[in-house]
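Some notes on the structure that comes next.
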Amino acid sequence: MKKILCGILVIFNLILLAGCNSYDISKILFIASIGIEKKEDGYQGYFYLPLSSDIGKTETTENKGKGEFAKTTGQNIPELFYNLQNSTSLVMNLKHVSSIVLNKELLNKEFIIELLDYIKFSLDIDFNCYLFITKEKMDELYNFQNPNQESVLNSLLVSTSDANSSFLVTPPIHFLKFTREFYKDRSILLPMLDLEEIWTIDSEPVKNFYAQSAIYYYKGNLKEVVKNSSSPYFSTTSHFIDQIEKTSICFKDYKYGLDFKEVLHLNVEFSYEIYKTEHFIQSEEIKAFVNNRIKTYILEYQEMDPLNIEYYNTVYGTSCSYDTIDIQIKILKN
């Protein structure tokens, strides 16, 4: 009986392998990144199309720079993808989408629900992608010129999980996490892509994009965090450099936790390494510096509820506020 079962399994595996061999990858239109912006009569969609041979790789080698872009228009989100499919004889594949980039003006409840409904019911895109925001024109963002164009695309929009060091304010947010926090009315910090002009060796200006800023979305309200020097203190970035007067300090293993009791306790822990200094600096100075940065950040972004106090008060039945927050800072041994 065991021999019969083993024989059946072998035949079944051979059938599966034969099916894989008949899968013609050259007839598939793979999409790695999607950008959407608002137009007067609907939306404009932008699509990054890597070569099929590059799917699953973090770096293009032989075909560097040959990925293509496509764009379509539609009165709604489903129509964007429908029109893209109708523009080609290839079979559109959205299972490898790594990122979705939205123009800032689309951050409203109506559009977000429309986008979530499409992804939830279409079964074409799963939630295994990351979300970005931009103020730039999507046409420039998806057609930028860069000395290392393909590498930049892969590191920021395709291989997002490998590029956290590129995001100085907040790391890429997984679409599933964004969905959960949106439906729970939590404050969401989103990485924002910006364009800047750089100069090449040939002294010709070209555009590159970077992700050193972010934007808060909270109950339909928006607030930018643009290269804010205190922003790392409320992100999941665990390694960043800061400046205390003339002292360059690298903060490592930075993390914080909240304790909701009668008063909200914010517990901060980190280790550090001094890179450059012109005077001796004591640990108490560092604690005071971090404490002041946190208080400054809270004062600036309090209306966005950066610690989600309102949400946790509802969950835990407490009445904590930013006015009475207790900040406890602990420096770990290196």
Side-chain angles (χ1 to χ4, degrees), residues 133 163-173 181 186-192 194 196 210-218 221-313 318 320-334:
I133 303 300
N164 277 345
S165 60
S166 302
F167 303 90
L168 301 185
V169 177
T170 184
I173 183 169
E181 296 187 352
R186 295 185 60 173
S187 183
I188 308 173
L189 190 58
L190 301 161
M192 187 156 59
D194 300 293
E196 65 177 358
Y210 59 94
Q212 298 179 5
S213 55
I215 190 166
Y216 269 115
Y217 174 86
Y218 181 58
N221 297 317
L222 306 177
K223 186 160 186 176
E224 295 179 28
V225 185
V226 182
K227 288 188 177 179
N228 189 305
S229 57
S230 64
S231 57
Y233 296 96
F234 274 133
S235 77
T236 55
T237 305
S238 60
H239 188 111
F240 57 91
I241 298 175
D242 212 327
Q243 194 83 8
I244 302 179
E245 295 181 352
K246 298 181 180 180
T247 305
S248 293
I249 293 184
C250 176
F251 290 89
K252 302 184 294 184
D253 304 315
Y254 182 90
K255 61 181 180 180
Y256 67 90
L258 299 172
D259 186 7
F260 283 79
K261 294 182 179 178
E262 293 81 7
V263 175
L264 175 63
H265 298 278
L266 174 62
N267 303 305
V268 179
E269 294 183 355
F270 58 85
S271 60
Y272 67 89
E273 182 178 349
I274 297 179
Y275 282 170
K276 177 184 176 183
T277 183
E278 295 183 6
H279 71 284
F280 177 76
I281 186 167
Q282 297 181 343
S283 60
E284 291 304 315
E285 291 182 74
I286 297 174
K287 285 184 178 180
F289 174 77
V290 173
N291 186 290
N292 183 64
R293 280 293 179 86
I294 292 173
K295 287 183 177 179
T296 300
Y297 192 92
I298 287 175
L299 183 63
E300 184 174 357
Y301 297 99
Q302 183 171 335
E303 77 273 17
M304 303 308 296
D305 195 11
L307 295 175
N308 280 295
I309 290 181
E310 183 176 333
Y311 169 77
Y312 286 117
N313 278 339
T318 53
C320 298
S321 70
Y322 289 101
D323 296 331
T324 57
I325 189 171
D326 175 50
I327 303 173
Q328 296 291 329
I329 297 174
K330 179 181 179 181
I331 297 179
L332 305 172
K333 291 183 179 180
N334 290 313

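Keep in mind that what you see is a predicted model, and the values were worked out from it rather than measured.
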Out of curiosity, [X] [atom1] to [Y] [atom2], how far, rounded to the nearest 0.5 Å?
X      : Y      : atom1 : atom2 : result
Tyr275 : Ile241 : OH    : CD1   : 5.0 Å
Leu189 : Tyr218 : CG    : OH    : 14.5 Å
Ile298 : Arg293 : CD1   : CZ    : 14.0 Å
Glu262 : Thr318 : CD    : OG1   : 10.0 Å
Ser321 : Gln302 : OG    : CD    : 8.0 Å
Asp323 : Leu264 : CG    : CG    : 11.5 Å

So, for [X] and [Y], which heavy atoms are closest and what is the spacing to 0.1 Å?
X      : Y      : value
Met192 : Ile215 : SD-CB, 4.5 Å
Cys320 : Lys261 : SG-O, 3.4 Å
Ser187 : Glu181 : O-OE1, 4.1 Å
Leu258 : Phe260 : CB-CE1, 3.8 Å
Val169 : Gln212 : CG2-O, 3.0 Å
Lys287 : Ile331 : CG-CD1, 3.9 Å

Side chains of [X] and [Y]: closer than 4.5 Å at any heavy-atom pair?
X      : Y      : value
Lys330 : Asn267 : no
Phe240 : Ser231 : no
Phe289 : Ile329 : no
Ile281 : Ile249 : yes
Tyr256 : Leu307 : yes
Phe234 : Ile294 : yes
Tyr322 : Glu303 : no
Ile173 : Pro191 : yes

(Q) I'd like to know whether NZ of Lys252 has more than 12 heavy-atom contacts from other residues, nucleotides or ligands below 6.0 angstrom. (A) yes
Q. Can a cation-pi geometry be assigned to Lys223 and Tyr301, taking NZ or CZ under 6.0 Å from the six-membered ring centre and within 45° of the ring axis?
A. yes
(Q) Between Val225 and Tyr216, is the side-chain contact (heavy atoms from CB on, under 4.5 Å) condition met? List the steps. (A) CA-CA 7 Å; Val225 185; Tyr216 269 115; 3.8 Å; yes
Q. Hey, does the side chain of Asp305 reach the backbone of Glu310 with a donor-acceptor pair shorter than 3.5 angstrom?
A. yes
**Q.** Ring center gap for Phe251 and Phe270 short of 6.0 angstrom
**A.** yes
Q: Would you check if the distance from the ring center of Tyr272 to the ring center of Tyr254 is below 6.0 Å?
A: no
(Q) Could you check whether Gln328 and Asp326, counting side-chain N and O atoms only, form a donor-acceptor pair closer than 3.5 Å? (A) yes
Q: Begin from the C-alpha positions of Ser238 and Asp253 and carry the test side chain to side chain donor-acceptor pair (under 3.5 Å) through to its verdict.
A: CA-CA 5 Å; Ser238 60; Asp253 304 315; 5.7 Å; no
Q.
Walk me through whether Tyr297 and Tyr233 qualify under ring-ring contact (aromatic ring centres under 6.0 Å, His included).
A. CA-CA 8 Å; Tyr297 192 92; Tyr233 296 96; 8.6 Å; no
Q: With side-chain contact (heavy atoms from CB on, under 4.5 Å) as the test, would you mind laying out the steps for Ile133 and Tyr217 before giving the verdict?
A: CA-CA 11 Å; Ile133 303 300; Tyr217 174 86; over 6 Å; no
